[in-house]
Amino acid sequence: MTTLPRVLSGDRPTGPLHLGHLVGSLTQRVRLQRDHEVFILIADLHVLTTRQQPNELDQIEKNVRGLLLDYLSVGIDPQRCTIGLQSAIPEICELAVLLSNLTPAARLQRLPSLKEMARHAAIEGMSMGLLGYPVLQAADILSARAGLIPVGRDNLPHIELARELARRFNRLYGETFPEPKPIVMGETLVGIDNLGKMSKSAGNAIFLRDDPAVVRKKVRRMYTDPNRIHADIPGTVEGNPIFLFHDRFNPDGTMVESLKARYRAGTVGDGEVKARLLEALEATLAPIRARRLQIEARPGLIERTLIEGTERMRQQAQQTLRSVRRAMRLDQTLIRARRRLNRIG
């Protein structure tokens, strides 16, 4: 049995995963599952912090299934990873309530990520749910007794809060939680519009489930050097999304360097550069699509993966919560009342 720290990662089920997720987290999860115990949480409760309308909530079930398909199609193995549904693990919510009492409100208000989430979701007044988002996230981590958390740099403050809460709880009530450590995921992928990182909500993503015709259409409209109106005009390679994608997805380094040199010299058109990029992207996406079809052809696989993974994750959360309640003396009143009643009667 592995003695390496358990890994916890997850996603909100807000839509399909894209190439940015592939390079930013999915590839890392596939690698980590080889020698770590990996928990992946589908964090549907976190969706409620920014989306509450019935039509939005109606999409969660479909998005959960889509996430599972994306996970398995990129090589995440349910025999090696535990994939669970957050809302089906009520112990996480109870732990979040207990941890909230150890969390100063001012500490949460200083987190810039919460203000950004509110701005992005066009929320004028921050709800208690959104303010407490990092506490619920800490409960996700601590309930699983995870030791390693893959995370982007923008979420490092949230992991630091989880570390603080683990230390504070252990100091007050005795050693209960391992202190989680972040694994920084440094790689991000620019969107095809070059207006920021690839994002579902920004409409600048190439999704893992896109068919070849859709990928071709998106590559053709990718942002390039706006000053290069003809193929014989020297163009800029640095920061150009086409070449950023080539560097990440095209394994033929000699071809990429030749395209860059010709682009700078004005001897190659955007059409050829994009055609070579499309070939590289299809080499990445075609096997994912093929595995997706195989998974969809196996009735019950998605359902079993979700149910069995959630049960395993809940068992761990139940064990954790029992330790927490015992450490905080929360069970003593009822236990003693039962003992007195047994003596009486």
Side-chain angles (χ1 to χ4, degrees), residues 9 11 15-34 66-67 69-76 150 152-153 183-226 228 231 235-264 267-295:
S9 63
D11 300 285
L17 301 182
H18 50 65
L19 288 176
H21 294 113
L22 182 66
V23 303
S25 62
L26 297 176
T27 300
Q28 186 181 55
R29 293 176 194 174
V30 172
R31 184 173 65 253
L32 286 168
Q33 73 180 355
R34 298 169 189 163
L67 270 183
L69 279 168
D70 285 339
Y71 288 160
L72 272 56
S73 67
V74 300
I76 290 174
R153 291 189 180 278
I183 307 174
V184 177
M185 299 182 297
E187 187 170 8
T188 58
L189 192 66
V190 68
I192 61 174
D193 57 2
N194 202 39
L195 294 178
K197 69 179 182 179
M198 188 170 286
S199 166
K200 289 175 284 191
S201 58
N204 63 358
I206 295 175
F207 296 107
L208 301 181
R209 65 184 68 177
D210 283 345
D211 63 39
V214 171
V215 176
R216 187 180 307 111
K217 182 178 180 181
K218 289 181 177 179
V219 170
R220 284 177 176 171
R221 64 182 178 87
M222 279 184 71
Y223 180 94
T224 59
D225 184 343
R228 194 171 189 254
T236 300
V237 168
E238 291 72 23
N240 190 321
I242 300 178
F243 290 102
L244 293 175
F245 275 58
H246 266 293
D247 287 337
R248 181 58 185 80
F249 295 103
N250 193 335
D252 190 340
T254 301
M255 175 199 291
V256 173
E257 291 307 312
S258 174
L259 288 172
K260 288 179 179 178
R262 292 168 61 199
Y263 199 83
R264 291 187 179 104
T267 58
V268 65
D270 286 345
E272 181 180 345
V273 178
K274 290 182 177 180
R276 301 288 82 79
L277 174 59
L278 183 60
E279 292 171 359
L281 292 179
E282 280 301 305
T284 297
L285 291 170
I288 295 174
R289 290 195 204 101
R291 285 193 294 267
R292 187 181 186 88
L293 290 174
Q294 293 172 355
I295 294 162

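Worth knowing before you read on, the calculation uses all heavy atoms, side chains too, and leaves out hydrogens, waters and symmetry mates. Quick caveat, the model's predicted, so the values are computed rather than measured.
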Query raised in the report: So, S73 side chain and R291 main chain: donor-acceptor pair closer than 3.5 Å or not?
Result: no
Query raised in the report: Rounded to the nearest 0.5 Å, how far does CG of D211 lie from NZ of K217?
Result: 11.0 Å
Report summary line: Here the gap from M255 atom CE to L277 atom CG, rounded to the nearest 0.5 Å, amounts to 10.5 Å
Requested in this report: For the residue pair D225 and Y263, confirm or rule out a side-chain donor-acceptor distance under 3.5 Å.
Outcome: no
**Report entry** For R221, side-chain contact (heavy atoms from CB on, under 4.5 Å) partners two or more places apart
**Finding:** I192, K218
Requested in this report: Verify the neighbour count for atom NZ of K200: are there more than 12 heavy atoms of other residues, nucleotides or ligands below 6.0 Å?
Outcome: yes
**Report entry** R264: side-chain contact (heavy atoms from CB on, under 4.5 Å) partners, not counting sequence neighbours
**Finding:** V237, E238, K260
Query raised in the report: Is there a donor-acceptor contact under 3.5 Å from the side chain of H246 to the main chain of V273?
Result: yes
Requested in this report: Would you check if the side chain of E272 reaches a backbone N or O of L259 as a donor-acceptor pair within less than 3.5 Å?
Outcome: no
Query - Polar side-chain atom of N204 near backbone of S199 as donor-acceptor pair, under 3.5 Å - result: yes
Report summary line: Value for OG1 (T27) from CG (L22), rounded to nearest 0.5 Å, stands at 4.0 Å
Query - CG on N194 to OG1 on T224, rounded to 0.5 Å - result: 9.5 Å
Report task. Nearest 0.5 Å please: distance from the CG atom of L189 over to the NE2 atom of H18. Result -> 8.5 Å
Report summary line: Hits for salt bridge (charged side-chain N to carboxylate O under 4.0 Å, His left out) against R248, two or more places apart or cross-chain, chain-then-number order -> E187
Query raised in the report: Looking at residues at least two apart in the chain, or sitting in another chain, which of them share a side-chain contact (heavy atoms from CB on, under 4.5 Å) with S258?
Result: R262
Query raised in the report: Does R289 have any salt bridge (charged side-chain N to carboxylate O under 4.0 Å, His left out) partners at least two apart in sequence or in another chain, and if so, which?
Result: E282
Query - Heavy-atom closest contact (R216 atom, L278 atom, distance) - result: CG-CD2, 3.7 Å
Requested in this report: Please identify each residue that fulfils side-chain contact (heavy atoms from CB on, under 4.5 Å) with R209, with sequence neighbours left out.
Outcome: P16, D70, F207, R292
**Report entry** Exercise: identify the closest heavy-atom pair between A202 and D193
**Finding:** O-OD2, 4.5 Å
Requested in this report: To the nearest 0.5 angstrom, please state how far the CG atom of L19 sits from the CZ atom of F249.
Outcome: 4.5 Å
